[in-house]
Amino acid sequence: MFNFLKSNYSFTKYSISILLIILYIPGSSLLLAEVKNTEMQIIYKLLQEKKFKEGIKQLEVLSKKNNLNAQLLISKIFLSGDLTPQDFENSYFWASSALLGGLKKSQKILEKLDDYLTEKQINELPDKLRTLLEKRATATDKPPIV
């Protein structure tokens, strides 16, 4: 019986390692999602308390950390101009970033803004997006696209 265990020790060791890695990866992404949800809840609370300046500032910080929901929300805020002056370029920028991250809801915002921005303004935005993503890619804390 001990010979069987000895011969399968390396197989068992690697199997356990692979199993732990498989279990760890989804768990770590869940923790990351919980942190992002908590940060969004704080922002929603700030906005409900009519602390618009602080809420939008936090929203921009979270958007730069590549939180897609934050990017979509700030894009909507800049589009509507209810909480801050309208800023179509920033709205287009954050909607584009969210779309690159896979958030298809942002496509509607981009379609609305096509009529309000010049072709020159739209053509300059990919360079700004590239700069943002390059900064995130070279940052040591987190990957550029989560």
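Just so you know, residue 1 is the first one in the sequence shown, and it goes up from there. This one's a predicted model, so the numbers in the text were calculated from it and none came from an experiment.
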**Q.** Least distance between heavy atoms, Ala95 atom then Ile109 atom
**A.** CB-CG2, 3.9 Å

Q. Within a strict 4.5 Å, meaning less than it, do heavy atoms of the Ile42 and Gln58 side chains meet?
A. no

Q | Between NZ on residue Lys51 and NZ on residue Lys45, distance to nearest 0.5 Å | A | 8.0 Å

Q) Do any pairs count as a ring pair (Phe, Tyr, Trp, His ring centres under 6.0 Å) and have a residue in residues 80-116, sequence neighbours left out, and if so which ones? A) Phe88-Tyr116

Q: Quick one: pull up NZ in Lys108 and CG in Leu72 and give me the separation to the nearest 0.5 Å.
A: 10.5 Å

**Q.** side-chain contact (heavy atoms from CB on, under 4.5 Å) partner of Leu59, chosen from Asn69, Ile74, Leu83, Leu46
**A.** Ile74

Q.
Once ring-ring contact (aromatic ring centres under 6.0 Å, His included) is applied, do any residues pair with Tyr44, and if so which ones, sequence neighbours excluded?
A. none

Q) Heavy-atom distance under 4.5 Å between the side chains of Phe52 and Glu54, does that happen here? A) no

Q: Under the side chain to side chain donor-acceptor pair (under 3.5 Å) rule, collect the residues that match up with Thr131, sequence neighbours excluded.
A: none

(Q) Strictly distance-based, threshold 3.5 Å: is any side-chain N or O of Asn123 a donor or acceptor partner for the main-chain N or O of Glu119? (A) yes

Q) Rounded to the nearest 0.5 Å, what separation is found between the CD atom of Glu124 and the CG atom of Leu117? A) 10.5 Å

Q. Nearest 0.5 Å, what's the CG-NZ distance between Leu47 and Lys53?
A. 14.5 Å

(Q) Taking Thr118's backbone N and O only, do any of them form a donor-acceptor pair with Gln121's side chain (distance below 3.5 Å, no angle check)? (A) yes

Q: Measure from the side-chain N and O atoms of Ser106 to the backbone N and O of Leu99, and report whether any donor-acceptor pair falls under 3.5 Å.
A: yes

(Q) Starting from Val61, can I reach Leu133 by hopping between I/L/V/M/F/W/Y residues whose side chains sit under 4.5 Å apart? (A) no

Q: Calculate, to the nearest 0.5 Å, the distance between atoms CD1 and CD belonging to Ile43 and Glu60 respectively.
A: 10.0 Å

Q: Apply salt bridge (Lys or Arg N to Asp or Glu O under 4.0 Å) to Glu89 and list each qualifying residue two or more places apart in sequence or on a separate chain.
A: Lys128

Q) Would you call Glu39 and Lys65 a side-chain contact if the rule is heavy atoms closer than 4.5 Å? A) yes

Q | Qualifying residues under salt bridge (Lys or Arg N to Asp or Glu O under 4.0 Å), relative to Asp115, sequence neighbours excluded | A | none

Q | Atom pair CG/NZ of Leu110 and Lys105 - distance to nearest 0.5 Å | A | 14.5 Å

(Q) Going by side chain to side chain donor-acceptor pair (under 3.5 Å), name the pairs with one or both residues in residues 71-87, residues two or more places apart or in two chains. (A) Asn66-Gln71, Gln71-Ser97, Ser75-Ser91, Asp87-Asn90

